Amino acid sequence: MKYVIVGAVAGGASTAARLRRLDEHAEVVIFEKGAYISYANCGLPYYIGEVIKDRNKLFVQTATAFNKRFNIDVRVMTEVLSINPANKTISAKNQVTGETYDETYDKLVLSPGAEPLRPPLPGIASEGIFTLRNVTDTDYIKSYVQDRKAGKAVIIGGGFIGLEMAENLKDIGMDVTIIEMGNQVMAPVDYPIAAMVQQHLRAKGVNLRLSTAVTGFERIDGRIKVAMNNGQTENADVVILSIGVRPDTKLAINAGLEIGTARGIKVNEFMQTSDPDIYAVGDAIEFKNPITGQSMITYLAGPANKQGRICANNIVLGNTHTYHGSINTAIVKVFDMTVGTAGTASKHLTAAGIKHLVSTTHNGSHAGYFPGSQQMTIQIAFAPEDGRLLSAQVAGYDGADKRLDILSSVIKRNGTIYDLAEFEHAYAPPYSSAKDPVNMVGFVAENILLKRLSVFYWNEMDKVLPGDLMLDVRTKEEFNQGNIEGSINIPVDELRSRLGEIPTEKNIYIYCEAGLRGYLAQRTLKQSGYNNVLNLSGGYKLWKSCTTETNFNK
């Protein structure tokens, strides 16, 4: 058998290695139009920022080492130009020699990845404007900024790569501005989590321009003038375009393969395209989302590698191994903060017409009495019918990644909030609390689902009417340091003795700092003849963060 693979980074290299492990005698040929294979895309910003100092550390395998270990014919700097499914051949061009030739295959695997967006803006081809997608891009950027470390960088786009580049360029001494067309950074997360990230970025000296579009570039006196739709400009020494990618489907389209509604290569559960002898993996494919049921593209290395393994299994062993889709679990380091998401954000669930409830909690990374505990915020969305967990977002410091992985695992296997409440974790004071933050998320969500806890959200203050009562149950000192306008203060520990001050006929909106004391106050009131009582989800902490960011961007 002869297997030909197009693309040699995450999905393609993974497929090739697995094919060899399963079939020692097959002929395996892998084409890569770039100069490098199997490199760490996700490490590129950190090499630019000098966190990773040795360039060689970026390479999982070189073409020579890959060939030696797996006996695979690796052809770098060779672009596949076309596919002829009828003849089962591909046409390829060696970009060094210019030679064009045909190659036959029995089974073909497409892993062409995605290409960065470069909108046709005036001046976008100017010197000093870069995209970051591969090692060659990285080398150009790193070389360019070496003599400009005291200069200014403008990053277009506030996604994961944009934020990583902001941190790394800031760390080497550059003044950094992020321009984002949306009203928040990190589009996959909901606004409350993004607001926390934005405040952290501002605290680190990064200038944010949200709800702002770039209209063009002009190179003047060795610098780049970035024009925006609000009439303002930014002068930069380097510009990084991080406005997204799109699947590279040119080969598939020209070969007549089916393209899906998300404009990716459509594959079935076996990673097979509309041609049974052509498979596809990685950033170029689309697959049904397990939560929304909608076809989507996943631009993540983890799923691509797993798809490669499944694809190889099915090619060699027959179509026996099914792929179940990705819930888009992703994480990013933003200076000192760790932010991650799994599943489908509340705003996207709403857009898809999926009913859900939302809960936000704040807890320590480990036991509060053990030194070094830091707060983390977890927001989840879950189904009102059965408590199925639909999404989780975590923003924090120590231990945030661990909790995200736990939550992702529950989402992936269609688990519920009850699984969170009963989750058994490894506990010792340096690592967690007897009730882990994951347990606390489950407890709170269970209370909401069983209507033991009724909540309202930071952006629902318009529901509070003039005749309603806003009740702050924090301490007097906390109240005096800042509160929601129009609220009265009765600390939770004084509540039972001061019930006479609270009219039973009014709608009562309670808040505390994080939500726990508000819940205790609500339980007291509901069992004392008060019927219309709501508690602010995420507490004053979340409300303050969100409203501060909202007002900042007006």
Side-chain angles (χ1 to χ4, degrees), residues 41-42 44-49 114-134 136-145 148-149 151-189 194 197-198 200-202 204-220 222-247 283 299 330 332-335 339 549 552-553:
N41 291 73
C42 301
L44 301 180
Y46 298 99
Y47 174 61
I48 294 170
E115 52 191 5
L117 295 175
R118 290 184 70 97
L121 297 174
I124 198 167
S126 301
E127 177 188 337
I129 301 176
F130 303 94
T131 57
L132 178 62
R133 188 64 184 170
N134 54 42
T136 303
D137 294 339
T138 305
D139 290 338
Y140 284 145
I141 296 170
K142 189 171 179 65
S143 175
Y144 197 82
V145 300
R148 299 170 173 83
K149 290 183 178 180
K152 181 168 184 176
V154 169
I155 297 168
I156 316 299
F160 285 54
I161 298 298
L163 297 185
E164 288 174 341
M165 283 302 299
E167 175 183 350
N168 281 281
L169 292 176
K170 187 73 177 175
D171 283 350
I172 63 172
M174 299 195 79
D175 181 16
V176 177
T177 292
I178 296 175
I179 303 175
E180 167 57 50
M181 189 161 59
N183 70 336
Q184 66 169 74
V185 299
M186 293 185 66
V189 307
V197 177
Q198 289 164 198
H200 188 64
L201 286 166
R202 296 185 202 279
K204 292 296 183 178
V206 175
N207 179 33
L208 293 180
R209 287 180 171 270
L210 303 175
S211 302
T212 304
V214 172
T215 56
F217 307 92
E218 185 178 2
R219 191 162 180 85
I220 302 174
R223 303 191 80 200
I224 305 158
K225 184 170 80 170
V226 183
M228 292 167 280
N229 61 347
N230 57 11
Q232 298 178 349
T233 61
E234 289 270 4
N235 291 316
D237 296 285
V238 61
V239 172
I240 306 295
L241 299 175
S242 183
I243 53 180
V245 296
R246 61 185 166 209
D283 293 356
Y299 301 111
V332 63
K333 177 181 178 294
V334 185
F335 292 94
V339 190
E549 275 301 305
F552 195 101
N553 295 313

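Note that the structure is predicted; figures quoted are calculated from it, not measured.
No donor-acceptor pair closer than 3.5 Å links the side chain of N183 to the backbone N or O of L210. Between the side chain of D171 and the main chain of G49, no donor-acceptor pair closer than 3.5 Å is present. Proximity of a side-chain donor or acceptor of R202 to a complementary backbone N or O of G205 within less than 3.5 Å is not detected. Side chain of E218 to backbone of G123: no donor-acceptor contact under 3.5 angstrom is found. A distance-only check finds no donor-acceptor pair linking the side chain of E164 to the backbone of P45 [under 3.5 Å].
Interatomic distance, L163 CG to M186 CE, rounded to the nearest 0.5 Å: 6.5 Å. Within the model, atoms CD1 of I48 and CG of N168 stand 7.5 Å from one another, a figure rounded to the nearest 0.5 Å. In this structure, Y47 OH and D139 CG are separated by 6.0 Å, a value rounded to the nearest 0.5 Å. Note that the NZ atom of K152 and the OG1 atom of T177 stand 4.0 Å from one another [nearest 0.5 Å]. Atoms OG1 and CG, on T215 and N230 in that order, are 8.5 Å from each other to the nearest 0.5 Å. Atoms CD1 and OG1, from I178 and T212 in turn, are 12.5 Å apart once rounded to the nearest 0.5 Å.
Note: Y140 and F130 fail the aromatic proximity criterion, with ring centroids not under 6.0 Å apart.
Here the rule is side-chain contact (heavy atoms from CB on, under 4.5 Å) with I240, and of I129, L169, I156 only L169 fits it.
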Q: Output, in order, the C-alpha distance, side-chain angles, deciding distance and verdict of side chain to side chain contact (heavy atoms under 4.5 Å, CB included) for F335 and V206.
A: CA-CA 11 Å; F335 292 94; V206 175; 3.8 Å; yes
Q: Test side chain to side chain contact (heavy atoms under 4.5 Å, CB included) on K333 and Y46 and set out the steps.
A: CA-CA 11 Å; K333 177 181 178 294; Y46 298 99; 3.8 Å; yes
Q: Could you please spell out the steps behind the side chain to side chain contact (heavy atoms under 4.5 Å, CB included) verdict for I141 and L132?
A: CA-CA 8 Å; I141 296 170; L132 178 62; 4.1 Å; yes
Q: Report the C-alpha distance between I124 and L241 in whole Å, list the side-chain angles of each, state the deciding distance to 0.1 Å, and finish with yes or no for side chain to side chain contact (heavy atoms under 4.5 Å, CB included).
A: CA-CA 10 Å; I124 198 167; L241 299 175; 3.8 Å; yes
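D283 places none of its side-chain heavy atoms less than 4.5 Å from the side chain of V245. Annotation: side chain of N207 is in contact with side chain of E234 (closest heavy-atom distance under 4.5 Å). The shortest distance between side-chain heavy atoms of M181 and N229 does not fall below 4.5 Å.
Salt bridge status for R246 with E115: present, with a side-chain N to carboxylate O gap under 4.0 Å. At a threshold of 4.0 Å, the pair E167-K204 does not count as salt-bridged, since none of the basic side-chain nitrogens sits closer than that to a carboxylate oxygen.
Heavy-atom minimum distance, R148 versus D237: CD-O, 4.0 Å. Contact record, I155 with S242: CG2-CB, 4.4 Å, taken as the closest heavy-atom pair. Closest non-hydrogen pair, P188 versus F160, comes out as CG-CE1, 3.9 Å. Taking each heavy atom of V185 and V197 in turn, the nearest pair found is CG2-CG1, 4.0 Å. The minimum heavy-atom distance linking A114 with Y299 is given by the pair CB-CE2, 3.8 Å. Residues R209 and T233 share a closest heavy-atom pair of NH2-O, 4.5 Å.
Remark: M228 CE is packed, more than 12 non-hydrogen atoms of other residues, nucleotides or ligands lying under 6.0 Å away.
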